[in-house]
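No hydrogens, no waters, no symmetry mates; every other heavy atom, side chains included, goes into these values.
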Amino acid sequence: DERVAYALAAWKRFDESVPDTLLRAVAGAFVLVATCDGDLSDSEANRFLEMLGSKADALSPLDFDELSQTFQDLSGAMISDPGDGRRLALEYVARVKDTPQYAELVSGAAQIAASADGRIELVEEKVMGNIRDALGIPRPK
């Protein structure tokens, strides 16, 4: 998919140190993608992380261990209170909207996560729209 290829290229060009806000925004986007088809269990969260682990090199220079821990923290919030967890994840995503480069990277990371299993479902497209809205990025036509 062209959007995934673009996202991978954007992450490959990114070589700055990663601030906590970007790491949290990426983790928030991943949690939103992981939970878009319903509730998230601990086993589903672990499976999602394993799937993303196979793409970890594409998301460098993010520290995958830190990203995994932040994802697990957010997914725990999502499991205990889905509404509040979703709000928190979108809040983390929105924190980078005023930095266009970061917004693009978060959107790209979400695209990578959504297509990690080789296909993008309708519910994943919907959550991608929500992520783009939080980032202030127009939805594709």
Could you give the distance from [atom1] ([X]) to [atom2] ([Y]), rounded to the nearest 0.5 Å?
| X | Y | atom1 | atom2 | result |
| --- | --- | --- | --- | --- |
| Lys126 | Arg139 | NZ | CZ | 9.0 Å |
| Leu67 | Phe30 | CG | CZ | 5.5 Å |
| Arg95 | Asp20 | CZ | CG | 10.5 Å |
| Thr70 | Arg24 | OG1 | CZ | 6.0 Å |
| Leu23 | Glu66 | CG | CD | 6.0 Å |

Quick check: closest heavy atoms across [X] and [Y], and the distance to 0.1 Å?
| X | Y | answer |
| --- | --- | --- |
| Asn130 | Leu90 | O-CD2, 4.1 Å |
| Gly28 | Ala89 | O-CB, 3.7 Å |
| Val93 | Ala29 | CG2-N, 3.6 Å |
| Ile131 | Leu32 | CG1-CD1, 3.9 Å |
| Ser75 | Val31 | N-CG2, 3.9 Å |
| Ala27 | Phe71 | CB-N, 3.9 Å |

Would a distance-only check, ignoring hydrogens and angles, find a side-chain to backbone donor-acceptor pair under 3.5 Å from Ser107 to Ala103?
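No: the side chain of Ser107 does not pair with the backbone of Ala103.
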
Check whether Glu104 reaches the backbone of Gln101 with its side chain - one donor and one acceptor, N or O, closer than 3.5 Å.
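No; judged by distance alone, with no hydrogens or angles, the pair does not exist.
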
Does the pair Val96 and Leu135 meet the rule for a side-chain contact (heavy atoms from CB on, under 4.5 Å), with working shown?
CA-CA 7 Å; Val96 300; Leu135 293 169; 3.6 Å; yes

Is there a side-chain contact (heavy atoms from CB on, under 4.5 Å) between Glu124 and Gln111? Walk through the geometry before answering.
CA-CA 9 Å; Glu124 290 167 328; Gln111 190 70 44; over 6 Å; no

Should Asp73 and Gln69 be marked as a side-chain hydrogen bond (donor to acceptor under 3.5 Å, both in side chains) after you check the CA-CA gap, both sets of side-chain angles, and the distance that decides it?
CA-CA 6 Å; Asp73 292 345; Gln69 184 60 55; 2.9 Å; yes

